[in-house]
Participant: 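Questions regarding the structure given below will be posed in turn.
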Amino acid sequence: MDKYLSFADEAAAKAVLYRIEGAVEASEGVEAVEGYEVANYANIDIIGVIHKPTGATETVDGMAVPVMAPIAGWHINVRLMPDEDGSALSSFEVFPATPMRVWG
């Protein structure tokens, strides 16, 4: 199942899509280790900021080109595998009429 997601920013997306493993807290004789990010889902497609035309144009090198503006949010697609629980994604799900990018 494909999910189209929009988060407030990249940090908010990472908090849901990834977890930290291998972290070790410092203690006597042991140095702290930050750990590493592990994806919570097998198929994550990071799109990031999406821009859309504003309707205005500007001239660049003698040609009219559309002026673009960012759409609010940090956008990511996730294709859930049958054994993956996507319930943590439901509050971030959006339903674009024409997705910017789809799974092939």
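One-based numbering along the sequence shown.
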Participant: Does the side chain of His75 reach to within under 4.5 Å of the side chain of Leu5, using non-hydrogen atoms?
Facilitator: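 A side-chain contact under 4.5 Å is absent here.
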
Participant: Taking the side chain as C-beta and beyond, is there a heavy-atom pair between Val49 and Ile71 under 4.5 Å?
Facilitator: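 Answer no - side chains too far apart.
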
Participant: Less than 4.5 Å apart, any side-chain heavy atom of Val78 and any of Asn43?
Facilitator: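 Result no, sub-4.5 Å side-chain heavy-atom pair not found.
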
Participant: Measure the CG-CG distance between Leu80 and Leu89 for me, rounded to the nearest 0.5 Å.
Facilitator: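 Answer rounded to 0.5 Å: 6.0 Å.
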
Participant: Does the side chain of Trp74 reach to within under 4.5 Å of the side chain of Ile47, using non-hydrogen atoms?
Facilitator: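 Trp74 does not reach Ile47 side chain to side chain.
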
Participant: Donor-acceptor pairs under 3.5 angstrom involving side-chain atoms of residues 55-69: please list them, not counting sequence neighbours.
Facilitator:
none

Participant: Ignoring hydrogens, what is the shortest heavy-atom contact between Arg79 and Gly104? Give both atom names and the distance.
Facilitator: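 Smallest interatomic distance, heavy atoms only, reads NH1-O, 4.2 Å.
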
Participant: Quick one: pull up NZ in Lys3 and OH in Tyr41 and give me the separation to the nearest 0.5 Å.
Facilitator: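 If we round to the nearest 0.5 Å, Lys3:NZ and Tyr41:OH are 9.5 Å apart.
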
Participant: Could you go through residues 7-17 and list every donor-acceptor pair under 3.5 Å that involves a side-chain atom there, pairing it with any protein atom two or more places apart or in another chain?
Facilitator:
from: Asp9; atom 1: OD1; to: Ala11; atom 2: N; distance (Å): 3.3
from: Asp9; atom 1: OD1; to: Ala12; atom 2: N; distance (Å): 2.8

Participant: Flag yes if Tyr4 and Ile76 sit in one hydrophobic cluster, no otherwise; membership is Ile, Leu, Val, Met, Phe, Trp, Tyr, and two members link when side-chain heavy atoms are under 4.5 Å apart.
Facilitator: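 Hydrophobic grouping puts Tyr4 apart from Ile76.
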
Participant: Using a 4.5 Å cut-off on heavy atoms from C-beta on, say whether the side chain of Val38 contacts that of Tyr18.
Facilitator: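 They are not in contact (no side-chain heavy atoms under 4.5 Å apart), so the answer is no.
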
Participant: Donor-acceptor check, side chain of Arg19 to backbone of Ala39, threshold 3.5 angstrom: yes or no?
Facilitator: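 Confirmed, Arg19 side chain pairs with Ala39 backbone.
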
Participant: Between Asn77 and Arg101, is there a side-chain heavy-atom distance shorter than 4.5 Å?
Facilitator: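 When only atoms from C-beta onward are counted, Asn77 and Arg101 do touch, with a gap below 4.5 Å.
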
Participant: If every non-hydrogen atom of His51 is compared with every non-hydrogen atom of Met100, which pair is closest and at what distance?
Facilitator: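 That closest heavy-atom pairing would be O-CE, 4.0 Å.
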
Participant: Does Ile20 reach the side chain of Tyr36, with side-chain heavy atoms less than 4.5 Å apart?
Facilitator: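 No; the side chains remain at least 4.5 Å from each other.
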
